[in-house]
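Structure, as structure tokens:
Reckoned from all heavy atoms, side chains included, excluding hydrogens, waters and symmetry mates. Within every chain, numbering begins at 1; the chains are lettered A, B, ... in the order of the sequence lines, protein sequences first and strands thereafter.
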Amino acid sequence: MSVAVVLIAFIGTIVIGTPIAFAIGIASVAGFVAIDEPLSQIGSLIIRAMDQELIIAIPFYVLAGLLLAHSRILNPLMDLCMVLLRRVRGGMIGVDGISSVMFGGMTGSGPAEAASLAAILSGPMEKQGYPRRFTASMAAAGGTLGLIIPPSGGYILYALITRDVSISGLFIAGILPGLLLAFLYTAAAYLSGVRYEKREARAQTPSRGEVLRLLPGAFLGAISPVVVLGGIYFGLTTVTEAAAVAVGYALLVGTVVYRSIGLRDIYRVMVQTGIATGVIMLVLGSAAIFSWLVSVSGWAHDVSDLVVGFAETPTMYVVLVAVIFLVAGTVLDGVSMYFILVPLLAPGAAALGIDPIYLGIVITVALAIGLITPPLGLDLFAAASTVGVSFEEIARAVLPLVLASLIGLAIIIAVPEISLLLVG
Amino acid sequence: MSEAIDKADRHGTGATDSTGAAARFLDRVADRLTRLNRIVYRVEEACLVAAMTVMLGCMTLVILSRYIRPLSLGFLSDLAVGLIPWVGLLGAAAALYRGRHIGMTLIRDRIPATARRVVTAASHCLIIAFLAILVWAGGELVGRQMASGVTTSAMEFPRYLITLALPVGAALGIVHMALFLLTGPVLNRRAGTADETRVAQRGM
């Protein structure tokens with residue numbers, strides 16, 4: 001009965017267009033009323049969920065990513081790649097792939113990376129003959145790497161929910177799956193899009209002087225993921241501290257080295273960060289009420305038993321979890337899915353002895369694929385609106401890249417070592 | 001006959017005048033409320049930036065103190081953690097004003113305009129009701145913490161100062177939604193400039 005109340009309240013509020021964070025909260029309150037739980041504890045549930053040190057990393061990584069994007073730190077590196085690859089057939093597709101990885105190593109958000117990539121690459125790609133829908137689809141797919149390659153807001157949320165998973169471990173585990181997907185995206189884009197390239201757009205072999213001129217700037221861009229992640233990898237800083245270091249580095253590069261960021265930009269970017277954090281935190285707060293309802297009512301065990309009943313082996317369970325996230329990802333946003341589904345599915349995985357880091361990577365990759373899958377596909381919206389193509393155009397153009405990402409997910413599920421090799 | 005026509009004309013003009021005056025009055029009220037909503041948002045923006053600057057400063061000092069001159073600055077990370085609910089809840093209220101909370105409007109966008117306005121108003125009312133529960137539950141928790149005098153572990157400042165973010169943030173969200181509800185019909189009627197259209201869409 002109470003499950004029906006929560007489901008009806010959730011679906012009803014979603015259908016009338018209520019933001020998902022509120023829909024979760026309203027449905028959970030309905031559940032509280034249905035099982036006669038006092039509403040007064042909602043306050044402590046929300047504050048307890050928000051009052052955690054690890055959460056500081058979320059706004060800091062968002063802020064660092066936005067500042068680095070504003071500072072245009074990657075531009076010299078991309079210019080160098082363009083110069084080096086301009087004689088190569090489909091060279092711009094390669095530049096796009098490299099840029100996606102570099103941006104992924106700086107930002108923790110898919111749509112932000114998709115929008116940045118679309119803005120930077122649309123001009124040069126158009127000059128080489130690639131249609132806008134193709135550029136937008138590549139930027140959207142590249143944006144998913146923002147969620148998979150550390151630092152990733154997704155891993156932080158997963159660690160917050162599961163509580164006993166090392167966030168540093170998740171960050172390190174995400175590197176190889178991210179690189180694998182970047183390779184598959186680039187290969188799929190090459191196969192499906194290289195025919196658009198104008199042969200006459202290719203220029204002469206780069207001169208040594210040209211390369212030397214771009215090298216110092218490119219170096220600063222190339223080491224930015226090392227600065228952002230190095231402290232964690234070498235055990236010098238916690239994830240939260242590394243996030244603060246990333247902000248410091250972004251400020252230094254933007255204000256001192258390139259002088260491309262002023263006080264007004266910093267204010268605007270901080271507001272953007274605060275709002276982005278608010279969106280995530282409200283889902284976090286609402287989901288804390290939902291999680292409590294799930295644990296008190298025993299639904300987590302019911303769902304786990306149900307899924308375990310379908311999946312007899314750990315691999316089958318992981319496949320089923322991935323399918324659930326892929327399907328849910330077409331209608332729900334990533335943050336909400338972490339908070340709704342992880343508490344329901346993690347206990348079953350633990351019972352089957354599945355490594356929580358491996359599960360976190362699979363879930364995050366499946367979630368990232370949801371970012372480029374219509375009808376929700378937030379990365380598609382971000383890239384399409386930046387480049388100026390319709391949602392229908394980008395939804396069609398991105399299909400080969402969705403296929404490539406599904407192949408990548410299958411490989412990551414089949415070979416857990418890809419996720420666990422660097423973690424040791 | 002002509003007298004009758006004149007009378008009818010005068011009567012008609014009078015009705016138009018009074019309708020026009022009422023519309024102008026409603027326009028003025030809507031403008032003031034919209035301005036009020038914007039002012040509340042600007043205050044939220046300034047508080048967000050201040051809180052994040054303090055958080056960043058605290059974390060920087062904690063890291064520097066570890067490598068440059070070992071000091072016991074645990075209270076600074078306590079302060080940074082304490083500010084997180086404030087950033088989150090002020091940010092959530094600001095996101096309501098900017099229409100940044102993610103929702104699925106695919107179905108709502110496909111229904112007739114009048115029905116859409118009713119459904120949107122219903123959604124806004126539900127959001128206000130939920131936020132009202134948060135104000136009440138948060139306020140009650142603040143009251144309990146004030147009475148018990150509970151403090152944070154390292155810095156030992158009152159815990160209710162952290163919890164206060166919940167009723168304050170939720171109340172600011174109610175202000176935004178209520179002002180959108182009130183100004184929505186007027187802004188929808190005269191939706192002319194792009195900015196007003198945007199606000200009108202959020203409002204109703």
Side-chain angles (χ1 to χ4, degrees), chain A residues 13-23 25-26 29 39-47 50-53 55-56 58-60 63 231 236-237 240-241 243-245 247-248 251 266-267 270-271 273-286 331-333 335-336 375-376 378, chain B residues 44-45 47-49 51-53 55-56 59-60 62-63 66-67 77 80-85 87-96 98 100-109 116 119-120 122-124 126-127 129-131 133-134 136-142 162-163 165-167 169:
Chain A
T13 44
I14 289 280
V15 164
I16 64 171
T18 309
I20 294 167
F22 289 98
I26 292 163
V29 166
L39 290 176
S40 55
Q41 53 188 322
I42 283 177
S44 57
L45 286 171
I46 293 176
I47 287 295
M50 292 182 177
D51 189 10
Q52 299 182 58
E53 188 179 342
I55 295 178
I56 298 178
I58 295 174
F60 281 3
L63 183 60
L236 298 171
T237 56
T240 313
E241 290 167 356
V245 171
V247 175
L251 279 173
I266 295 173
Y267 187 90
M270 276 189 154
V271 170
T273 305
I275 289 175
T277 309
V279 170
I280 297 171
M281 294 286 269
L282 195 68
V283 179
L284 176 86
S286 292
V331 287
L332 281 177
D333 72 290
V335 178
S336 310
L376 194 60
L378 291 178
Chain B
E44 286 164 2
E45 271 192 353
C47 293
L48 270 176
V49 171
M52 283 175 50
T53 308
M55 270 167 56
L56 201 57
M59 291 311 292
T60 309
V62 167
I63 299 166
R66 189 186 312 153
Y67 292 104
S77 36
V81 175
L83 282 170
I84 262 284
V87 170
L89 289 155
L90 286 175
L96 261 180
R98 297 281 297 267
R100 291 289 170 84
H101 288 287
I102 298 161
M104 245 188 71
T105 55
L106 219 67
I107 300 166
R108 191 176 72 185
D109 292 346
R116 187 165 62 237
V119 160
T120 308
S123 167
H124 285 6
L126 279 173
I127 291 174
F130 176 66
L131 290 172
I133 292 173
L134 296 193
W136 167 74
E140 198 170 68
L141 184 60
V142 168
I162 299 172
T163 308
L166 181 59

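For chain A, the nearby part of B:Leu134 is the side chain; its heavy atoms alone come within less than 4.5 Å. For a residue to count as touching a neighbouring chain, one of its non-hydrogen atoms must lie under 4.5 Å from one of that chain's; by this rule A:Gln41 does not touch chain B. Interface residue B:Glu140: only side-chain heavy atoms are found under 4.5 Å from chain A. Proximity to chain A (any heavy atom under 4.5 Å) is shown, for B:Leu126, by both the backbone and the side chain. Using a 4.5 Å cut-off between heavy atoms, A:Ile46 contacts chain B through its side chain alone, with no backbone atom that close. Residue B:Leu83: no heavy atom, backbone or side chain, is found under 4.5 Å from chain A. Using a 4.5 Å cut-off between heavy atoms, A:Val247 contacts chain B through its side chain alone, with no backbone atom that close. Looking at B:Ile84, the atoms closer than 4.5 Å to chain A (heavy atoms on both sides) sit in the backbone and in the side chain alike. With a 4.5 angstrom heavy-atom cutoff, A:Phe60 touches chain B only via side-chain atoms. A:Val29 touches chain B through its side chain: at least one heavy atom from C-beta onward sits under 4.5 Å away, while N, CA, C and O do not. There is no contact between B:Val142 and chain A, counting heavy-atom distances below 4.5 Å.
Note that OG1 of A:Thr240 and CE of B:Met55 are 9.5 Å apart. Values are rounded to the nearest 0.5 Å. With rounding to the nearest 0.5 Å, the separation of CD1 in A:Ile26 from CD1 in B:Ile127 is 6.5 Å. Here NE2 of B:His101 is found 5.0 Å from CG of A:Leu282. Values are rounded to the nearest 0.5 Å. A:Thr273 contributes atom OG1, which lies 10.5 Å from atom CG of B:Leu56 (distance to the nearest 0.5 angstrom). We find the CD1-CZ distance between A:Ile14 and B:Arg108 to be 11.5 Å, quoted to the nearest 0.5 Å. A:Met281 contributes atom CE, which lies 6.5 Å from atom CG of B:Leu89 (distance to the nearest 0.5 angstrom).
In terms of non-hydrogen atom pairs under 4.5 Å with chain A, the most contact-rich of B:Ala94, B:Pro85, B:Ala80, B:Gly169 is B:Pro85. With chain B as the partner, the residue from A:Ile42, A:Ile266, A:Leu39 showing the most heavy-atom pairs under 4.5 Å is A:Leu39. Of all the listed residues (A:Ser40, A:Pro59, A:Gly248, A:Ala244), the one sharing the greatest number of non-hydrogen pairs under 4.5 Å with chain B is A:Ser40. Looking only at heavy-atom pairs under 4.5 Å with chain A, the residue among B:Gly88, B:Gly82, B:Ser77 that has the most is B:Gly88.
Among all heavy-atom pairs drawn from B:Val87 and A:Thr277, the shortest one is CG1-CG2, 4.2 Å. Across all non-hydrogen atoms, the minimal contact from B:Ala137 to A:Gly43 is CB-N, 3.7 Å. Residues B:Met59 and A:Glu241 come closest through the heavy atom pair CE-CG, 4.1 Å. Looking at every heavy atom in both residues, B:Val49 comes nearest to A:Val271 through CG2-CG2, 3.7 Å. A pairwise comparison of heavy atoms in A:Ser286 and B:Phe130 identifies OG-CZ, 3.9 Å as the closest pair. For A:Thr18 against B:Ser123, the heavy-atom pair with the smallest separation is OG1-OG, 2.9 Å.
Using a 4.5 Å heavy-atom cutoff, the side chains of A:Phe22 and B:Leu96 are in contact. The closest side-chain heavy-atom distance from B:Leu166 to A:Met50 is not below 4.5 Å.
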